[in-house]
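Report on one structure; see the data block that follows.
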Amino acid sequence: MSDIAQEAWRKYLIQLQAHPLRTKAITAGCLAGCSDLIAQKISGVKRLQLRRLLLIMLYGFAYSGPFGHFLHKVMDIIFRGKKGSKTVAKKVLLEQLTSSPWNNFFFMMYYGLVVEGRPWGLVRSKVRKDYPNIQLTAWKFWPIVGWINYQYMPLQFRVLFHSFVASCWAIFLNLKARSGAIKAA
């Protein structure tokens, strides 16, 4: 690793230690912004949609970073002192049955109502139509991520790891959400 990258990582770790919630929120916001830039590029947007980018960053900063921070703290409390594969499996199962459905639903609602500014009825029917498929796809993908996260990541890096993978997942959700917006427009 270059000296610049090592120094940046060192400073990031200091901030993560001193201000964990703030650092995770900023990280999630930046990664959400990066994922939206990529999603816009892939979907063929000719000119950067800055409002959309900023609203996606706001979602990462105000919701997904803090949600992840507290989710992993709660999981650590629920499973305090318990280790091993059975505990990891229970954490993954609990996460997949609670936060995964909620997060996908919430993102779809936020994207439709806030990012796109669509009316409630249109967003509701889009969520009814697309949510089951998105959630089933999530259940094929996220348990593996959850297993890696709970098995191998120290608590302080779980939100960073999750946010990084979530930025890839958000590209999928953005493109899925966009596909309906393009047809409806």
Side-chain angles (χ1 to χ4, degrees), residues 5 8-9 12 15-16 19-72 95-96 99-120 122-142 144-146 148-149 153 157-185:
W9 180 246
Y12 179 82
Q15 289 301 308
L16 188 60
H19 309 284
L21 179 57
R22 180 178 72 191
T23 304
K24 292 170 189 175
I26 292 169
T27 301
C30 290
L31 288 170
C34 289
S35 75
D36 188 61
L37 277 171
I38 293 166
Q40 285 191 42
K41 185 72 174 165
I42 290 171
S43 66
V45 172
K46 300 290 183 220
R47 203 169 138 230
L48 176 67
Q49 297 174 356
L50 187 58
R51 179 183 176 279
R52 171 183 149 172
L53 174 71
L54 293 174
L55 288 171
I56 294 293
M57 289 179 76
L58 177 63
Y59 176 86
F61 174 76
Y63 175 73
S64 68
F67 183 90
H69 172 80
F70 291 111
L71 171 70
H72 292 293
E95 182 179 78
Q96 291 308 304
S99 69
S100 174
W102 166 251
N103 284 334
N104 288 317
F105 173 78
F106 188 74
F107 179 83
M108 292 178 75
M109 297 300 287
Y110 179 84
Y111 193 91
L113 294 170
V114 178
V115 176
E116 292 182 326
R118 301 277 179 198
W120 166 250
L122 188 63
V123 173
R124 185 181 62 202
S125 60
K126 174 128 180 79
V127 169
R128 277 189 183 153
K129 177 180 163 271
D130 291 345
Y131 177 79
N133 186 48
I134 286 172
Q135 189 56 50
L136 287 173
T137 304
W139 281 330
K140 294 173 187 171
F141 174 73
W142 280 103
I144 298 163
V145 174
I148 293 167
N149 209 7
M153 291 293 153
F157 295 128
R158 287 184 190 155
V159 174
L160 174 62
F161 175 75
H162 189 272
S163 293
F164 177 75
V165 177
S167 67
C168 299
W169 177 249
I171 293 168
F172 166 75
L173 288 180
N174 267 308
L175 295 174
K176 185 73 175 164
R178 247 349 254 132
S179 69
I182 292 168
K183 291 175 191 166

Using distance only, find each side-chain donor-acceptor pair of residues 157-165 under 3.5 Å and give its atom names and separation, not counting sequence neighbours.
unit_1 : atom_1 : unit_2 : atom_2 : d
Arg158 : NE     : Met153 : O      : 3.2
Ser163 : OG     : Val159 : O      : 2.8

Side chains of Pro101 and Tyr131 in contact at under 4.5 Å (non-hydrogen atoms): yes
Inter-residue atom distance Glu116.CD - Tyr110.OH, 0.5 Å rounding: 12.0 Å
Among all residues two or more places apart in sequence or in another chain, which pass the side-chain contact (heavy atoms from CB on, under 4.5 Å) test with Ile144? Ile148
Qualifying residues under ring-ring contact (aromatic ring centres under 6.0 Å, His included), relative to Tyr12, sequence neighbours excluded: Trp9
When rounded to the nearest 0.5 angstrom, what is the spacing between OG1 in Thr27 and CZ in Arg22? 11.0 Å
Return the minimal non-hydrogen interatomic distance between Asn149 and His72, and the atom names on each side. ND2-CE1, 3.7 Å
Nearest heavy-atom neighbours spanning Leu21 and Pro66: CD1-CA, 3.7 Å
dist Lys140:NZ -> Gln135:CD (nearest 0.5 Å) comes out at 11.5 Å
Before you tell me yes or no, could you show the steps for Phe107 and Val115 under side chain to side chain contact (heavy atoms under 4.5 Å, CB included), namely the whole-Å CA-CA distance, both residues' side-chain angles and the distance that decides it to 0.1 Å? CA-CA 10 Å; Phe107 179 83; Val115 176; over 6 Å; no
For side chain to side chain contact (heavy atoms under 4.5 Å, CB included), just list the numbers for Val127 and Tyr111, CA-CA rounded to whole Å, side-chain angles, deciding distance to a tenth of an Å, and then say yes or no. CA-CA 10 Å; Val127 169; Tyr111 193 91; over 6 Å; no
Pairs touching residues 53-71 that satisfy salt bridge (Lys or Arg N to Asp or Glu O under 4.0 Å), sequence neighbours left out: none
Decide if atom CZ of Phe141 counts as having more than 12 heavy atoms of other residues, nucleotides or ligands within a radius under 6.0 Å. yes
Qualifying residue for side chain to side chain contact (heavy atoms under 4.5 Å, CB included) with Gln40, from Asp36, Leu37, Ile42, Ile38: Asp36
Show every donor-acceptor pair shorter than 3.5 Å between a side-chain atom in residues 56-64 and any protein atom, with sequence neighbours excluded, or say none if there are none.
unit_1 : atom_1 : unit_2 : atom_2 : d
Tyr63  : OH     : Trp102 : NE1    : 2.8
Tyr63  : OH     : Asn103 : OD1    : 2.4
Ser64  : OG     : Gly60  : O      : 3.3

With sequence neighbours excluded, tell me which residues meet side-chain contact (heavy atoms from CB on, under 4.5 Å) with Gln96. Val92, Ser100, Trp139, Trp142, Pro143
Between Gln15 and Thr23 the two heavy atoms that sit nearest each other are O-OG1, 3.0 Å
Rounded to the nearest 0.5 Å, how far does CG of Asn104 lie from CG of Asp130? 11.5 Å
Who pairs with Arg124 by side-chain hydrogen bond (donor to acceptor under 3.5 Å, both in side chains), at least two apart in sequence or on another chain? none
Run the side-chain hydrogen bond (donor to acceptor under 3.5 Å, both in side chains) test against His69 and tell me which residues pass, sequence neighbours left out. Lys24
